[in-house]
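We count residues from 1, following the sequence as given. Since this is a predicted model, take the numbers as computed values, not measurements.
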Amino acid sequence: MSVDQTYDRLYRVRHSAAHVLATAMLDLFPDAQMGIGPPTDDGFYYDFELPRALTPDDLKALQKLMLKHKKANYPFEYSEHDRDAALAYFEETNQPFKVELINDLPDDETISYYTSGPFVDLCRGPHVDSTGEIGAFKLLSIAGAYWRGDENRAQLQRVYGTAFETKAELDAHLARLEEAKRRDHRTLARDLDLFSINPEIGAGLVLWHAKGSLLRELLETFWREEHRRRGYDMVYSPHIGRRELWETSGHTQWFSEGLFPEMELEHQTFINKPMNCPFHVKIFDSQTRSYRDLPLRYGELGTVYRFERSGTLHGALRVRGLTQDDAHIFCRRDQFTDEVAGALDLARFIYETFGFSEYIVELSVRDASGSEKYAGDDDLWELAEQGLVEALDRHGMAYTRVEGEAAFYGPKIDIQVADAIGRRWQLTTVQVDFNLPERFDITYEDADGTRQRPVMVHRAIFGAMERFVAVLIEHFAGAFPVWLSPVQVAVIPIADRHAEYCEGVAERLREAGLRVEVDARAERMNRKIRDAQLQKTPYMLIAGDRDIKAGKVSVRLRTEEDLGAMTVDELLEAVLPVVETRAPNDLGLGSASAAGG
């Protein structure tokens, strides 16, 4: 069976499971009003309006009822109906959400039902042949969901589940979910004291604590150093700009729903910046440019503000204030393919640094049937797409073409990386833009003295610092590579009389450039070791009478390996190369892996 056939089969299984969930819900609450129940990438859900809030015990009851309807082996039967009959049926059965969906369908849309035993649903399909073919499933959780995603509409209760063709596949997926729970960046960020989000400050706004700030600083330093090495100049831009700037850029037209409310200051209207691009355009346009100056590469770790709906916010993965690792390249038309290829090379280098070895690439292009959603003429869009394809081909990067997902100003390349447990995360974006240079009327002087329009390449490699840190937390389960660990070494005196020796050891390590803490608390040694392991500290150095007499320390790793006694010089000889090379999965000292916690 091909991958496409497997996916199609799973789609049908999960879609069918959603219908069986709704059947069970009507058994439990006969007056339940049904929203929608689609399959998802790893399961299914159904939305309901119910007389009371669901509980975990309800999930257990629903699971049993679903098994009953599966065993009944009802066939999934397709039928078509005229609009009036469909409206009458769902009005009679008190399903107002279905009535609304029917009323919103185009006049020429075929209205179809699927019937399975006692349950009838407005549905296009597809489904498996009968409920007995659904396979293995499990209900997972309950959440709130606004009807049609509108916070001004009814709040429904969403029941999530997952389904696979076999119990073995289901069990493997549930194990992955448990592992993902263990790696949840929100929990680990709290436990490791990295960052927090405080409702008194605002949803989606991250507070970076001292250790998280240090982690971010290390990432930003690495980012800046590598960009400067590749010919980028660093710039800064303000957090707000006049409304006219965003009108010129097109953001008030094409990005209006993502803008924060406007501010009136001294009879002028300002907007929190949702993107850095217009500022970089103005830096380019601040002086006369020649073809000899190009390409110009501007990089900025710029904080932007986007109004994400409250229901979409998720820890640091989806926020309202985010710091993009942004860059904009201004170049000639004969240069932009090379610049895109350079951005892809940089992305690959950074992935290797963090141990991301698998990724998928998407080429996002216009939806040909909806050209009014995009800026610029067709010839430039085609030229931009050709350049992206050529850059991908140079690197031998296989890609999937996705229609309708381009930015409003140009096609783009999106790269998703797979983490340590196989989940995919959207990180890198590279976009070609002929539109903004036109809208802002920026030019350079060509060799023949004529004024020419530059091409603009937008790109981000991390995507956003908040999101990238969250991805790293989950990828490494909080056990960062040694070079990224906020505290690299914990020095632990066994008793108070050993504290002075431990301070001396710590000072030598700090002089060598390592980040060290001495745990002189009045706690038992085993408690201190355990706490250091919970903090994912790579190395624990324990010193007692015997160690001091030998001029050594006893070395333990966060992976719980006890390496015995060694001198500080021996330790540094093994550890410093791990730090200097930014090794992603190595503690040195004979350890197999830094990841996994």
Side-chain angles (χ1 to χ4, degrees), residues 223-224 226-235 237 248-250 275-300 302 324-350 363-365 374-395 397 406-415 428-461:
W223 185 90
R224 289 190 175 96
E226 189 56 32
H227 278 72
R228 287 197 171 101
R229 193 175 71 80
R230 293 172 183 256
Y232 285 79
D233 294 314
M234 298 297 111
V235 299
S237 61
T248 302
S249 69
M275 298 179 185
N276 300 297
C277 349
F279 296 102
H280 293 187
V281 171
K282 288 300 184 182
I283 292 173
F284 176 90
D285 200 35
S286 63
Q287 58 182 276
T288 302
R289 305 294 181 179
S290 163
Y291 72 97
R292 295 187 183 90
D293 300 326
L294 305 183
L296 281 174
R297 306 181 186 99
Y298 296 144
E300 178 180 9
Q324 291 183 301
D325 69 311
D326 218 351
H328 296 95
I329 303 166
F330 298 86
C331 58
R332 306 190 305 266
R333 288 196 182 187
D334 63 323
Q335 294 173 322
F336 84 83
T337 299
D338 291 338
E339 293 303 314
V340 172
L344 295 176
D345 183 69
L346 173 59
R348 272 185 160 174
F349 170 77
I350 285 179
L363 175 64
S364 297
V365 298
Y374 308 100
D377 61 54
D378 292 343
D379 291 342
L380 293 179
W381 274 84
E382 290 174 9
L383 181 62
E385 185 179 328
Q386 290 170 6
L388 293 179
V389 169
E390 183 179 336
L392 288 167
D393 288 344
R394 285 188 198 178
H395 286 283
M397 285 182 163
F408 70 81
Y409 48 75
K412 61 178 179 171
I413 294 168
D414 292 317
I415 304 179
T428 298
T429 298
V430 183
Q431 303 169 344
V432 178
D433 183 2
F434 294 95
N435 176 58
L436 279 186
E438 183 76 28
R439 294 179 73 92
F440 281 100
D441 192 25
I442 59 173
T443 61
Y444 65 91
E445 184 176 323
D446 211 350
D448 61 3
T450 60
R451 304 302 300 179
Q452 299 295 324
R453 194 79 70 199
V455 179
M456 193 172 173
V457 177
H458 308 241
R459 50 115 295 230
I461 306 299

Those residues that, when tested against [X], pass salt bridge (charged side-chain N to carboxylate O under 4.0 Å, His left out) (two or more places apart):
X: R297; answer: E339
X: R332; answer: D334
X: D446; answer: none
X: R228; answer: none

For [X], enumerate each residue passing the side chain to side chain donor-acceptor pair (under 3.5 Å) test, keeping only those at least two apart in sequence or located in another chain.
X: R451; answer: T443
X: R394; answer: D338, E390
X: S237; answer: K273, E300
X: Y232; answer: R459

Practice task
Using only heavy-atom distances, determine whether the side chains of T429 and Q431 contain a donor-acceptor pair under 3.5 Å.
Solution key: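 No - no donor-acceptor pair under 3.5 Å links their side chains.
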Practice task
Before giving the answer on side-chain contact (heavy atoms from CB on, under 4.5 Å), spell out for V455 and Q335 the whole-Å C-alpha distance, their side-chain angles and the decisive distance to 0.1 Å.
Solution key: CA-CA 9 Å; V455 179; Q335 294 173 322; over 6 Å; no
Ring pair (Phe, Tyr, Trp, His ring centres under 6.0 Å) partners for [X], two or more places apart:
X: H458; answer: H328, Y409
X: F284; answer: F330
X: F336; answer: F434

Nearest 0.5 Å, what's the [atom1]-[atom2] distance between [X] and [Y]?
X: I350; Y: I461; atom1: CD1; atom2: CD1; result: 5.5 Å
X: E385; Y: S364; atom1: CD; atom2: OG; result: 10.5 Å
X: C277; Y: Q324; atom1: SG; atom2: CD; result: 7.5 Å
X: E445; Y: T450; atom1: CD; atom2: OG1; result: 8.0 Å
X: L346; Y: R229; atom1: CG; atom2: CZ; result: 9.0 Å
X: L436; Y: I442; atom1: CG; atom2: CD1; result: 8.0 Å

Looking at side-chain heavy atoms only, is the closest gap between [X] and [Y] below 4.5 Å?
X: K412; Y: V432; value: no
X: F440; Y: M456; value: no
X: P278; Y: T248; value: no

Practice task
Please collect all salt bridge (Lys or Arg N to Asp or Glu O under 4.0 Å) contacts where either partner lies in residues 286-295, sequence neighbours excluded, each pair once.
Solution key: none
